[in-house]
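Report on the structure given below.
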Amino acid sequence: MSSSGAVRVRIAPSPTGYFHVGTARMAIHNFLFARATGGTFGLRIEDTDVDRSRQEFVDVILEGLTWLGIRWDEGPVYQSERQGLYAPYVEQLLNNGRAYRCVCTPEDLAREREEARARKQDWKYSGRCRGLSDDEIRRLGAEGRPAAVRLAVTNEGETAFDDLIGGTFRRRNEDIGDFVIARSDGRALYNFAVVVDDHLMEISHVIRGNDHINNTYKQVLLYQALEWDIPQFAHAPLILRPDKSKVSKRKGDPSVIDYRDQGYLSDALLNFLCLLGWSPGDNREIFSLEELIAIFQLERVSQSNPILDPIKLEWMNGEYIRQIPVPDLAGQVRPFVVQAGLAAESEMVSRAAWFERVVAQLQERCKTLVEFSAAGAFFFRAPSEYDVKGVEKHFSKPGVSDRLRRLAEAWNKTVDFESETIGATMRALAEKDGTKLAVYIHPARLALTGATAGPGLFELAALLGREECLARLQHAASAIDSGLGT
RNA sequence: GUCCCUAUCGUCUAGCCCGGUCUAGGACACCGCCCUUUCACGGCGGCAGCACGGGUUCGAAUCCCGUUGGGGACGCCA
């Protein structure tokens, strides 16, 4: 813990060009923890691997966090800009004998690794260079053999740490081995940079993925060698795909940005990711950000790997879609409708009130924002074809085209064209015919929307407007007379 | 392979620390019924699980050991 006792956490993603849902989940955990404790949440970009890091990849992460509503209080701090900070501490360790220079070549190490594999053992460095004197190092350096720096790890005892999520973790030191903390070109390596940065940033709690546990032992060793306070750790299990393997870009798993583009609401995704592998203990599942801040507890994060179930995410997104006020929802759906080519942005602006009514009709029928375009396309353009099963069922009965024409005639004569009058007209027609209302409704729906399912007929007809409805009714009647449905 | 972690319905989980209240609760999905102009929403009901084997105990989902399964880490990557 930092000397002040204040909670300071951070998320430290490496910019790989993909905003992993696991990264998002850890960001959420850190963020909630900071908010709940009045602490500080920082963002640090782990880009010491200059070959793989690019600004545009960083931008993806910032964009994703911002979209999710996760605000960071400090940073982004770029590790690549902090190289100068690490060198003195490497030097310190070298001087007090806790670290040593290693002149093994990549080939030497590859050979060691192969031998270990042949013996079916975990590879760890032999410690061959540990006894080399400064003179020898200098001589080998003159021969063109640059030296990396390794931490000297004792073979005695074990390294252990208490984890807020996983309890006590321990590992024998002899299984860890002397690991590299600085490359032969002088640049610090991940494990070293993390420890120095976390110390300098006074990080009190390191909340990260399970995949770092074996790094944590090394980092604890480093804290001890540097004689620094060790932060509190919390390692959350990794999110798995339905096939139980790691979520990955290569396998085509959606990134946070992908979920956004597929029409998921940021609040829903945040809620879902937070609930994945965590439960408040009661049976609630839907939480606002404020509620999450109040009730989220790291200690209650489960210790086994959760599988991301896209179906449940979809359900939760539907819950959010149904929950939010129509004007908000309409605003979120709008870009998707424009994207789908149903209407121009300018048209959406001029018909904003009408569009809100459309969205209200679709609200409880869509689970993602993209679905609105498919489910509501008929609001923007006449159906180009009629559902085949629907045609068989509703357009093939004798007298259908006649009924559609009589409906058009009746609709043409009403004083206004609102859902009440539309419905009343149809009921009157059905009554006069001595038939059920359904006899009019189903063919009319098919004629107006091209589909057999959708919003209430009276409501959608009103939104379509009298003129458009009459045209679609006539068109369907003609199509039926021309042989459609027979 | 070695090391580390882990194990409740198909999936997410509650319960486990402090054994009896668990004929194991909730959610998603699925099935049925109701509501209903269709679909959806909503309501009601159903299906389905303590991985296995040993202990400990009057009693174990809960404690201990082992087996098996799953995941992660084994880089001069992060």
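The analysis underlying the following values was restricted to heavy atoms, covering all of them including side chains, and did not include hydrogens, waters or symmetry mates. Here is the naming used below: chain letters follow the sequence lines, and residue numbers restart at 1 for every chain.
For Leu276(A), the listed nucleotide lying nearest its side chain is C12(B); candidates were C76(B), C12(B), C4(B). Among C4(B), C76(B), U37(B), the nucleotide with an atom closest to any side-chain atom of Val180(A) is C76(B). The Asp175(A) side chain lies nearest to C3(B) when the options are C76(B), C3(B), A14(B). Closest approach to the Leu238(A) side chain among C41(B), G72(B), U37(B) is made by G72(B) (side chain taken as heavy atoms from C-beta onward). Nearest to the side-chain atoms of Ser302(A) among the listed nucleotides U13(B), A29(B), U6(B) stands U13(B). Comparing atom distances between the Gln79(A) side chain and each of A78(B), G70(B), A7(B) picks out A78(B) as nearest. For Trp315(A), taking side-chain heavy atoms from C-beta onward, the closest of the listed nucleotides C76(B), A27(B), C3(B) is A27(B). Closest to the Glu319(A) side chain, of the nucleotides C76(B), G42(B), U37(B), is G42(B). You'll find that the side chain of Gln303(A) is closest to U6(B), out of U6(B), A29(B), U13(B). With G72(B), G71(B), C4(B) as the choices, the nucleotide that has an atom nearest any side-chain atom of Asp211(A) turns out to be G72(B).
Contact detail for Gln79(A) and Asp47(A): the closest heavy-atom pair is N-OD1, 3.2 Å.
Every residue meeting the side chain to side chain contact (heavy atoms under 4.5 Å, CB included) condition with Thr154(A), not counting sequence neighbours, appears here in chain and number order: Glu156(A), Asn173(A). Not counting sequence neighbours, the partners of Thr425(A) by the side chain to side chain contact (heavy atoms under 4.5 Å, CB included) test are Ala410(A), Trp411(A), Thr414(A). For Glu364(A), there are no salt bridge (Lys or Arg N to Asp or Glu O under 4.0 Å) partners two or more places apart in sequence or in a different chain. Annotation: side chain to side chain contact (heavy atoms under 4.5 Å, CB included) contacts of Ala24(A) (sequence neighbours excluded): Phe19(A), Leu68(A), Val256(A), Leu273(A).
Figure legend. C22(B) is base-paired to no nucleotide; pairs are counted as Watson-Crick or G-U wobble with both atom distances under 3.5 Å.
Regarding Arg241(A), its CZ atom lies at a distance of 21 Å from the P atom of G10(B), rounded to whole Å. Nucleotide A7(B) holds its P atom 14 Å from the CD1 atom of Ile307(A), rounded to whole Å. In this structure, the CG atom of Asp162(A) is 15 Å from the C1' atom of C5(B), given to the nearest Å.
Listed by first and then second residue, the ring pair (Phe, Tyr, Trp, His ring centres under 6.0 Å) pairs involving residues 75-94 of chain A are Tyr89(A)-Trp228(A) (not counting sequence neighbours). Residue pairs satisfying the side chain to side chain donor-acceptor pair (under 3.5 Å) criterion with at least one member in residues 163-172 of chain A, sequence neighbours excluded, are listed as follows: Asp122(A)-Arg171(A), Glu158(A)-Arg170(A), Asp162(A)-Thr168(A), Asp163(A)-His235(A), Arg171(A)-Asn214(A), Arg172(A)-Asp175(A). The list of salt bridge (charged side-chain N to carboxylate O under 4.0 Å, His left out) pairs with a residue in residues 206-224 of chain A, not counting sequence neighbours, is empty.
For the segment residues 214-224 of chain A, residues with any heavy atom less than 4.0 angstrom from an atom of RNA chain B are, sorted by number, Asn214(A), Asn215(A), Tyr217(A). Taking a 4.0 Å limit (strictly below) on heavy-atom distances, residues 359-373 of chain A reaches RNA chain B at Glu364(A), Arg365(A). Near RNA chain B, meaning a heavy atom under 4.0 Å from it, residues 432-445 of chain A has Ile441(A), His442(A), Arg445(A) in order of number.
Around the CD atom of Glu114(A), the shell of radius 6.0 Å holds no more than 12 heavy atoms that belong to other residues, nucleotides or ligands. In Glu431(A), the CD atom is not crowded: 12 or fewer heavy atoms of neighbouring residues, nucleotides or ligands sit closer than 6.0 Å. For Lys393(A), the NZ atom is loosely surrounded, since the number of other residues' heavy atoms within 6.0 Å does not exceed 12. For Lys249(A), the NZ atom is densely surrounded, since the number of other residues' heavy atoms within 6.0 Å is greater than 12.
Within 4.0 Å of Pro455(A), counting heavy atoms only, lies at least one base atom of the nucleic acid. As judged by a 4.0 angstrom heavy-atom cut-off over every strand, Leu189(A) is placed among residues touching the sugar-phosphate backbone only. When heavy atoms are screened at a 4.0 angstrom cut-off, Leu275(A) is found touching the sugar-phosphate backbone but no base atom. Residue Gly209(A) is out of contact with every strand shown, counting any heavy-atom pair closer than 4.0 Å. Using a 4.0 Å heavy-atom cutoff across all strands shown, Gly454(A) reaches at least one base atom of the nucleic acid. Residue-level contact check: Ser245(A) touches neither bases nor backbone, having no heavy atom under 4.0 Å from any strand. Within 4.0 Å of Ser279(A), counting heavy atoms only, lie sugar-phosphate atoms of the nucleic acid but no base atom. Ser184(A) comes within 4.0 angstrom of a base, heavy atoms only.
If you look at Phe372(A) and Phe336(A), their ring centroids are not closer than 6.0 Å.
For the pair Arg183(A) and A78(B), the criterion of a side-chain N or O lying under 4.0 Å from OP1 or OP2 is met.
Side-chain contact between Phe417(A) and Ile422(A) is present, with heavy atoms from C-beta onward closer than 4.5 Å.
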Atom pairs under 3.5 Å: protein N/O with N/O of nucleotides 21-26 of chain B:
from, atom 1, to, atom 2, distance (Å)
G26(B), O4', Asn283(A), ND2, 3.4

Restricting to nitrogen or oxygen on both sides, can you table the protein-nucleotides 44-47 of chain B pairs closer than 3.5 Å?
none

* Would you check, one step at a time, whether the test side-chain hydrogen bond (donor to acceptor under 3.5 Å, both in side chains) holds for Ser245(A) with Lys251(A)? => CA-CA 10 Å; Ser245(A) 65; Lys251(A) 294 173 200 149; 3.1 Å; yes

* To do: For Asp328(A) and Gln332(A), run side-chain hydrogen bond (donor to acceptor under 3.5 Å, both in side chains): C-alpha distance rounded to whole Å, both residues' side-chain angles, the deciding distance at 0.1 Å, then the answer.
  => CA-CA 6 Å; Asp328(A) 289 0; Gln332(A) 299 216 50; over 6 Å; no

